[in-house]
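Data block below; observations after.
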Amino acid sequence: MTVTTAQQLTVPSPRGRCPLDVPPAYQQAAQETPVVRIGLPFGEDCWLITRYEDVRAVLTDSRFSADATRPGFPLISEELRAMAAATRSTDAFVNEQEHLRRRRMLTTEFKAKRVEALRPEIQQMVDDTLDQMIAGGSPADLMADFAVPVGSGVIALLLGVPTMDTKYFQERSHVLLDEAAKSEEKMAAQRDLMEYVVGLTVDKQQNPDEGFLSRLVERGELTGEEVAGSGLLLLLAGHETTAAMIALSIIALHRNPEQQVLLRQDPSLVKGAVEEMLRYATLVQNGLGRVAVEDAVIGGQLIRAGEGVLCMLSTANRDEEVFPGGGHLDVTRPARGHMSFGYGLHQCVGQSLARAELQIALGTLLRRLPELRLDVPVEELGFRYRAGLYAVDALPVAW
Ligand code: HEM
């Protein structure tokens, strides 16, 4: 295979005309040089992996590490670099052996049966949040008035945050994930939330309930601080992701009205439609970073120990070999094999919860607001082109 050292290609790269299309530079790489050397904003290089098969190969290969503190790991923003340095000594979840131990505990908690049992409460919370948005009158900001409170509300439910604290929890979570917030504000919010979750964990030790924190405490395998750390990890990983996905799904349906009609006519399509939205919009827009710990050959290209790779989920999700016509949204497509939750050792622990939440949120919005529509042209939406997660700052809607 020919390999270029195409330094013109950088991550992040600008999107094309349609804000839900993959950046043209990545698509071009996928067609021409599926494993290509690229530049990163800090002047470092890494390999960009764009094809479905190659992305899967890297993500299941133990010769590639997800430990962002290792030299050579591709970090595409100052913030990620600072976070990696800060977590070096404190976050055991990035250490490989410790990761497996903690992950096992979380996957037990996210078994389909447990998540299914949460559905009625999620439905209630989605309905209550929507009641409030509707009571505020049309137009509204679907992000601030629905998607974000639903995202953090579900994590609050999971952790067993008492109702009286939900507002505080949501407000602090919002600041933590707010693109516009200053970094001191974000750090203060993270501190407050950590303190809060530590306090909550102590409370669950004394007054156990059915929630996730209580169960982790009961198992007795983690210290109080570690239990609280796991709680905060879920908040960070599971709150903004689902909120952003709700907003992107509504935008995708707006741009594909015939798909919206299909979905409104047959609500049983919602399960498959959520998979298709996850595939089509690929939230993790700048790829998953890994660093080779041994030499490895991927897609015919030798990657040396110490070199970083970025697995581009968005191009893998549109790989014509796996998803024919993948550039189009098709809510009837069997899209479940998409890469949006990653793959292999670090595949998203919360995916069954995310799926349940998205199915309920989207199904409820379409059912209860038959006239739901964007209140501004798509071109006026503030897309977060550079952030790790693709999202919009606000989503004005009317009904
Ligand atoms: C649409 C929603 C979501 C998307 C697109 C998403 C995506 C991802 C991806 C791509 C990874 C893999 C990272 C890597 O390999 O480096 C991941 C990991 C993870 N996700 Fe999610 N996620 C979502 C929702 C959630 C939710 C709701 C939770 C929990 C409540 C969650 C918890 C986690 C955790 C704990 C990990 C780390 C797993 C590990 O390293 O072993 N995610 N997620």
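Both counts, for ligands and for their atoms, begin at 1 and track the order of listing.
Close approach of ligand 1 to L278 is summarised as follows: ligand atoms under 4.0 Å from at least one heavy atom of the residue are 1 (C). Residue contact check: R290 has heavy atoms under 4.0 Å from atoms 14 (C), 15 (O), 16 (O) of ligand 1. Listed by atom number, the atoms of ligand 1 under 4.0 Å from L288 heavy atoms are 13 (C), 14 (C), 15 (O), 16 (O). Close approach to S340 involves these atoms of ligand 1, each under 4.0 Å from a residue heavy atom: 5 (C), 7 (C), 10 (C). Residue I155 has at least one heavy-atom neighbour below 4.0 Å for each of these atoms of ligand 1: 30 (C).
Closest to atom 18 (C) of ligand 1 by heavy atom, among C348, G238, G289, is C348. Within the set S249, G342, A243, A237, the minimum heavy-atom distance to atom 34 (C) of ligand 1 is found for A237.
Counting heavy atoms under 4.0 Å from ligand 1, residue H346 touches it through both backbone and side chain.
A387 approaches N286 most closely through the heavy-atom pair O-ND2, 3.4 Å.
Under a hydrophobic-cluster definition in which Ile, Leu, Val, Met, Phe, Trp and Tyr are linked whenever side-chain heavy atoms come within less than 4.5 Å, directly or via other members, L248 and Y385 are assigned to the same cluster.
Y196 and F169 have tilted rings, their planes meeting at an angle from 30° to 60° on a 0 to 90° scale.
Heavy-atom contacts from other residues, nucleotides or ligands closer than 6.0 Å to CD of E53 number 12 or fewer. More than 12 heavy atoms of other residues, nucleotides or ligands shown are found within 6.0 angstrom of CZ on R368.
Geometrically, R279 engages F323 in a cation-pi contact, judged by NZ or CZ lying under 6.0 Å from the ring centre and within 45° of the ring axis.
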Before you tell me yes or no, could you show the steps for R119 and Q123 under side chain to side chain donor-acceptor pair (under 3.5 Å), namely the whole-Å CA-CA distance, both residues' side-chain angles and the distance that decides it to 0.1 Å? CA-CA 6 Å; R119 270 185 186 262; Q123 180 68 63; over 6 Å; no
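Considering backbone and side-chain atoms alike, T241 places every N or O at 3.5 Å or more from each N or O of ligand 1.
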